[in-house]
Amino acid sequence: MAHSRFEAIGAYLPVHVLTTEDLIGQLAQKPSFDFAAVTGVQERRVRDKSEGNYEDSFALAMKAARDCLSRSRYDADELDVVISVSITRSKERTKTYFEPSFASAIAKELGARRAIHFDLSNACAGMLTGTYLLDRMIRAGTVRNGMVVSGEAITPIAETAVQELAGGYDPQFASLSVGDSGCALVIDRSEDEGDRINYIELMTASEYADACLGMPSDKTAGVALYTDNRRMHNEDRFKLWTDTQRNHLAREGRTFADEEFDYIIHHQFGASAVTFMNALGEREFGTPMPEALNVVEKYGNTSTTSHFVVLHDQLRQSNIPAGSKILMVPAASGIVTGFLSATVSSLEA
C-alpha cells in the first residue's frame, strides 16, 4: 500500500514579540485570574503592520511557503497540488478574499503553474485536514506531491478583545492567547517505512461546537472570536480522540502502547488543556503518554499552524532525532478531533 511522508517543512514567525503582561496591561479591567498561569502563554508573535512591510495572511503564507521550498527537493513548478487552509484570508493589507482562492494566488506567486489548487477551512484543524486530503490523493496515485500552506494573521481578534472585555467571565478571553504565524508542508510519496505518515484520521462532532468567528459590525470593535471556555475541559469531547484512536488500532489488532510513540503534539490552545488531555489519554489508553512537545509559552495559539509550528520549532532545535514516531492530536472548534501518526527521518528545519 502506498504511503505519503513529510518531505519538507517551513515556517515564519513575525519578529515582533508581545508579552502577555503587556497585552493584559491594555485591558480596562484586569481578569480575576492569572491569564499567563492558566493558559501558559507568556508571549506571542505579532505581524508587522508598518507601511512598507505589512504582513497580512497572504504575506505570512508566502514567507512560510518559500521557507519550505528552500528545503524541498522540488521546485515550485514541480508541485502537483497547492492547498491553502487559512482561517484568516487577508490580502492587500486588510481585504478578505474568498474568490479567487488563496491557493490560486499562492500558487501563482510561487510559480507553481501546473498545480491544481483549492482552499479549505476546518477551523484550527486546517493544516491537518489539508494533510489528510493530500495524503489520500497521494495514496490513490492521483498526484505525486503537493503543498499544504497557511498564513494566520489572527491577532486582530486579540485587538478586538482588548477593546471590548469588561471584566468577569467573557467568551472573548481565548482571543488573548493567539499569535500570528505562517507554516507550509511539502508532502510526497514515501519510499521508506521509517519516513512516512503511518495513518491519519479526522472526525467532527458538531454537538460540541463551542466557538464562532464574528465579523465587524456596529456592535463590535473588529473581527472577534467567541469561545465557551467553561466547556474546555469537557471529558466527553476529548474522549472522542481516545475512543476513535483506540477503535482504529483495535481494527488493526494493536493497542496504543504497541505504537511506541516518542512524542505527542496537541493543539497549542493552552498548557492546562494539554495537561488535561495527556492525563485523560493515560487513563483511557491505560499507558503513559509519550513526551509532549509544546511551544505555547512563546508562540501562543497559532490556530491552523499550531501542530506544525511545534514540529518546526523542535526540529530546528534538534530535539527530534531521525526516526522518531510522532502523534498529533487536533482539538478544533466544530468540534474536530482525530489523530495523525508519522515517523520522521529526513525532515529538517
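For reference, positions follow the sequence shown, starting with 1.
Taking every heavy atom of both residues into account, Phe102 and Ser84 meet most closely at CB-OG, 3.4 Å. The shortest non-hydrogen separation linking Leu120 to Arg89 is O-NH2, 3.7 Å. The shortest non-hydrogen separation linking Ser346 to Asp195 is OG-OD2, 2.6 Å. Contact between Thr304 and Ile87 at its shortest, heavy atoms only, is CG2-CG1, 3.6 Å. When all heavy atoms are compared, the tightest approach of Cys183 to Ala64 is N-CB, 3.3 Å. The two residues Val38 and Ser272 have their closest heavy-atom pair at O-OG, 3.2 Å.
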Stepwise side chain to side chain donor-acceptor pair (under 3.5 Å) check, Asn198 with Thr343: CA-CA 7 Å; Asn198 303 307; Thr343 306; 3.2 Å; yes

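Put simply, the side chain of Asn301 never gets that close to the backbone of Val178: no donor and acceptor are under 3.5 Å apart. A donor-acceptor pair under 3.5 Å links the side-chain atoms of Ser190 to the main chain of Asp192, judged by distance alone. Judged by distance alone, the side chain of Asp67 and the main-chain N or O of Ala11 form a donor-acceptor pair under 3.5 Å. Panel note: side chain Gln268, backbone Val296; a donor-acceptor pair is recorded below 3.5 Å. The main-chain N or O of Asn319 is never found under 3.5 Å from a side-chain atom of Gln314 such that the two would form a donor-acceptor pair. Within the 3.5 Å criterion, the main-chain N or O of Thr305 finds no donor-acceptor partner in the side chain of Ser150. In this structure, the side chain of Asp180 engages the main chain of Ile154 through a donor-acceptor pair within 3.5 Å.
Side-chain contact between Met203 and Val336 is absent, with no heavy atoms from C-beta onward closer than 4.5 Å. Between Arg93 and Glu51 the shortest side-chain heavy-atom distance falls below 4.5 Å. No side-chain heavy atom of His266 sits under 4.5 Å from any side-chain heavy atom of Phe276. Side chains of Leu13 and Ser181 form a contact here, defined as non-hydrogen atoms less than 4.5 Å apart. Considering only heavy atoms from C-beta on, Leu110 comes within 4.5 Å of Met62 through its side chain.
Environment of CZ in Arg316: sparse, with no more than 12 heavy atoms of neighbouring residues, nucleotides or ligands closer than 6.0 Å. More than 12 heavy atoms of other shown residues, nucleotides or ligands fall within 6.0 angstrom of atom CD in Glu92. Residue-environment remark: CD (Glu201) exceeds the threshold of 12 foreign heavy atoms within 6.0 Å. Taking a 6.0 Å sphere around CD of Gln317, one finds it holds more than 12 heavy atoms contributed by other residues, nucleotides or ligands. Summarising the local packing, CD of Glu348 is surrounded by 12 or fewer heavy atoms from other residues, nucleotides or ligands at distances under 6.0 Å.
Between Arg246 and Asp243 there is a salt bridge, since at least one side-chain N of the basic residue sits less than 4.0 Å from a carboxylate O of the acidic one. Salt-bridge check for Lys91 with Glu109: failed, with every basic side-chain N at 4.0 Å or more from each acidic carboxylate O. A salt bridge links Asp188 to Arg5: at least one charged side-chain nitrogen sits closer than 4.0 Å to a carboxylate oxygen.
Put simply, the residue from Leu315, Asn294, Leu293 that forms a side chain to side chain contact (heavy atoms under 4.5 Å, CB included) with Val310 is Leu293.
Sorted by first and then second residue, the ring pair (Phe, Tyr, Trp, His ring centres under 6.0 Å) pairs involving residues 279-302 (not counting sequence neighbours) are Trp241-Phe285, Phe256-Phe285.
There is a path of hydrophobic side-chain contacts, each under 4.5 Å, that joins Met289 to Phe261. In the hydrophobic cluster analysis, where Ile, Leu, Val, Met, Phe, Trp and Tyr join through side-chain heavy atoms closer than 4.5 angstrom, Val148 is grouped together with Leu311. A single hydrophobic cluster is seen to contain both Leu347 and Ile197, as judged by linkage of ILVMFWY side chains at heavy-atom distances under 4.5 Å, directly or through other members. Put simply, Phe339 and Leu280 are part of the same group of oily side chains (I, L, V, M, F, W, Y) that touch within less than 4.5 Å, one to the next. Hydrophobic clustering keeps Val295 apart from Tyr12 (ILVMFWY residues linked when any side-chain heavy atoms are closer than 4.5 Å, directly or through intermediates).
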N/O donor-acceptor pairs under 3.5 Å from side chains in residues 320-331, not counting sequence neighbours:
from, atom 1, to, atom 2, distance (Å)
Ser324, OG, Pro321, O, 2.6
Lys325, NZ, Glu259, O, 2.9

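Ring planes of Phe6 and Phe308: perpendicular class, angle over 60° (limits at 30 and 60°). Relative ring orientation between His307 and His267 is described as parallel, the plane-to-plane angle staying below 30° on a 0-90° scale split at 30° and 60°.
The distance from atom OG1 of Thr20 to atom CZ of Arg44, rounded to the nearest 0.5 Å, is 3.5 Å. A distance of 8.0 Å separates CZ of Arg283 from OG1 of Thr242, quoted to the nearest 0.5 Å.
Listed by chain and number, the residues in a side chain to side chain donor-acceptor pair (under 3.5 Å) with Thr244 amount to none (sequence neighbours excluded).
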